[in-house]
Enquirer: 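Dropping the structure in here first, questions after.
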Amino acid sequence: MMTRAADGKASKTRTTFRMTCKVAIMIAAPHETLWHLLTDAANYTRWNSTLSTLEGNISPGGVVRMTVPQAPGRTFKAKVSEFEPNQSMVWRDGFAPIFQGVRTFTLEQRGADATYFTMSEEFSGLMLPLIAGKLPDFQPIFERYAADLKHAAEKA
């Protein structure tokens with residue numbers, strides 16, 4: 001289990017068949033503001049510099065397709081598998097037990113105008129030892145994601 005202060009610094013853990021990256025940050029905005037940013041697919045790339053494109057439906061059972069600067073020419077597809085408005089959602093990609101990525105977003109309201117945001121991604125599966133070296137370093141990506149969300153939410 002990883003614990004981090006809400007300082008926007010990402011942490012990473014790795015075992016043979018599991019790798020997790022996590023970031024947490026305190027944002028001076030109500031959780032509804034963050035939720036709107038996190039679920040508005042049409043405007044995601046306006047505030048999120050870690051994505052080149054994002055298309056799809058960020059809702060229960062929805063599917064999103066995204067491209068990232070770190071993997072030009074490759075499109076990632078994730079299904080929104082859990083969705084609790086203004087609280088949390090989970091995006092899944094891949095096939096367990098071969099290889100799977102699970103990204104979890106969590107919002108905790110802290111007072112009238114503050115939200116504790118966490119995002120984690122867990123990669124797991126039998127193929128992880130073979131492809132882990134080809135995955136980008138997610139720590140700076142997660143830190144930039146959290147900083148972009150904080151900037152957009154506090155400006156809103």
Enquirer: According to a hydrophobic-cluster definition based on side-chain heavy atoms being under 4.5 Å apart (Ile, Leu, Val, Met, Phe, Trp, Tyr only), do V102 and I98 belong together?
Expert: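 Result: no, two separate clusters.
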
Enquirer: Indicate the atoms forming the closest heavy-atom contact of A41 with L54, along with that distance.
Expert: CB-CD2, 3.5 Å

Enquirer: If you group Ile, Leu, Val, Met, Phe, Trp and Tyr by side-chain heavy-atom gaps below 4.5 Å, do M119 and V90 land in one group?
Expert: no

Enquirer: Knowing that exactly one of L37, T39, T33 qualifies, which makes a side chain to side chain contact (heavy atoms under 4.5 Å, CB included) with W35?
Expert: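 Among L37, T39, T33, the one meeting side chain to side chain contact (heavy atoms under 4.5 Å, CB included) with W35 is T39.
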
Enquirer: Show your working on side-chain contact (heavy atoms from CB on, under 4.5 Å) between S88 and E82 and close with a plain yes or no.
Expert: CA-CA 8 Å; S88 65; E82 296 176 34; 5.8 Å; no

Enquirer: With rounding to the nearest 0.5 Å, note down the distance linking CG in N86 to CD in E84.
Expert: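 The CG atom of N86 sits 10.5 Å away from the CD atom of E84.
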
Enquirer: Are H31 and Y116 packed together at the side-chain level, in the sense that at least one heavy-atom pair is separated by less than 4.5 angstrom?
Expert: no

Enquirer: Could you check if a side-chain atom of E143 sits within less than 4.5 angstrom of a side-chain atom of I141, using non-hydrogen atoms only?
Expert: no

Enquirer: Calculate, to the nearest 0.5 Å, the distance between atoms CD1 and CG belonging to I25 and L34 respectively.
Expert: 10.0 Å

Enquirer: Is the shortest side-chain heavy-atom distance between C21 and F142 below 4.5 Å?
Expert: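 Yes, their side chains come closer than 4.5 Å.
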
Enquirer: Evaluate the criterion side-chain contact (heavy atoms from CB on, under 4.5 Å) for residue pair E122 and R18; output intermediate values, then yes/no.
Expert: CA-CA 7 Å; E122 181 177 278; R18 187 172 313 276; 2.5 Å; yes

Enquirer: Is the shortest side-chain N to carboxylate O distance from K22 to E121 below 4.0 Å?
Expert: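 Not counted as a salt bridge, because no side-chain N and carboxylate O are separated by less than 4.0 Å.
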
Enquirer: Looking at A78 and M66, what are the two nearest heavy atoms and their distance?
Expert: CB-CE, 4.2 Å

Enquirer: Measure the CE-CZ distance between M19 and R14 for me, rounded to the nearest 0.5 Å.
Expert: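 Answer rounded to 0.5 Å: 6.5 Å.
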
Enquirer: Which label fits F123 and F99: parallel for a plane angle under 30°, tilted from 30 to 60°, or perpendicular past 60°?
Expert: parallel

Enquirer: I'd like to know if the side chain of R92 pairs up with that of S81 as donor and acceptor (distance under 3.5 Å, no hydrogens or angles considered).
Expert: yes

Enquirer: Looking at every heavy atom in both A112 and P30, which two are closest together, and how far apart are they?
Expert: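 Looks like O-CB, 3.9 Å.
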
Enquirer: Determine, stepwise, if the pair L38 / W47 fulfils side-chain contact (heavy atoms from CB on, under 4.5 Å).
Expert: CA-CA 10 Å; L38 292 170; W47 64 266; 4.1 Å; yes

Enquirer: Would you name the heavy atoms of Q109 and A114 that are closest together and state the gap between them?
Expert: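 Looking at all heavy atoms of both residues, the shortest contact is NE2-O, 3.2 Å.
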
Enquirer: When you check the side-chain N and O atoms of T67 and T53, is any donor under 3.5 Å from an acceptor?
Expert: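 Yes, side-chain donor-acceptor contact under 3.5 Å.
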
Enquirer: Let me confirm one number: the CD-CZ distance from E108 to R110, rounded to the nearest 0.5 Å.
Expert: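 Reported value, rounded in 0.5 Å steps: 5.0 Å.
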
Enquirer: Give the cluster check for V63 versus F83: same hydrophobic cluster or not, with ILVMFWY residues linked at side-chain heavy-atom distances below 4.5 Å.
Expert: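 In one cluster: no.
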
Enquirer: Rounded to the nearest 0.5 Å, how far does OG1 of T45 lie from CG of N43?
Expert: 7.5 Å

Enquirer: Out of curiosity, I58 CD1 to M89 CE, how far, rounded to the nearest 0.5 Å?
Expert: 5.5 Å

Enquirer: Identify the heavy atoms of A96 and Q100 that sit nearest to each other, and give their distance.
Expert: CB-OE1, 3.0 Å

Enquirer: Kindly indicate, with the supporting measurements, whether the criterion side-chain contact (heavy atoms from CB on, under 4.5 Å) is fulfilled by L135 and L128.
Expert: CA-CA 10 Å; L135 295 173; L128 184 62; 4.1 Å; yes

Enquirer: Would you say that K79 contacts V64 through its side chain, given a criterion of any heavy-atom pair below 4.5 Å between the two side chains?
Expert: no

Enquirer: Do K77 and W91 have side chains that get closer than 4.5 Å, going by heavy atoms?
Expert: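 Not touching, per the 4.5 Å side-chain cut-off.
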
Enquirer: Tabulate below the donor-acceptor pairs under 3.5 Å that side-chain atoms of residues 145-156 make, not counting sequence neighbours, or state none.
Expert:
from	atom 1	to	atom 2	distance (Å)
Y145	OH	Y44	OH	2.6
D148	OD2	S49	N	2.7
D148	OD2	S49	OG	2.6
K150	NZ	M26	O	3.0
K150	NZ	E154	OE2	2.8
E154	OE2	A28	N	2.8

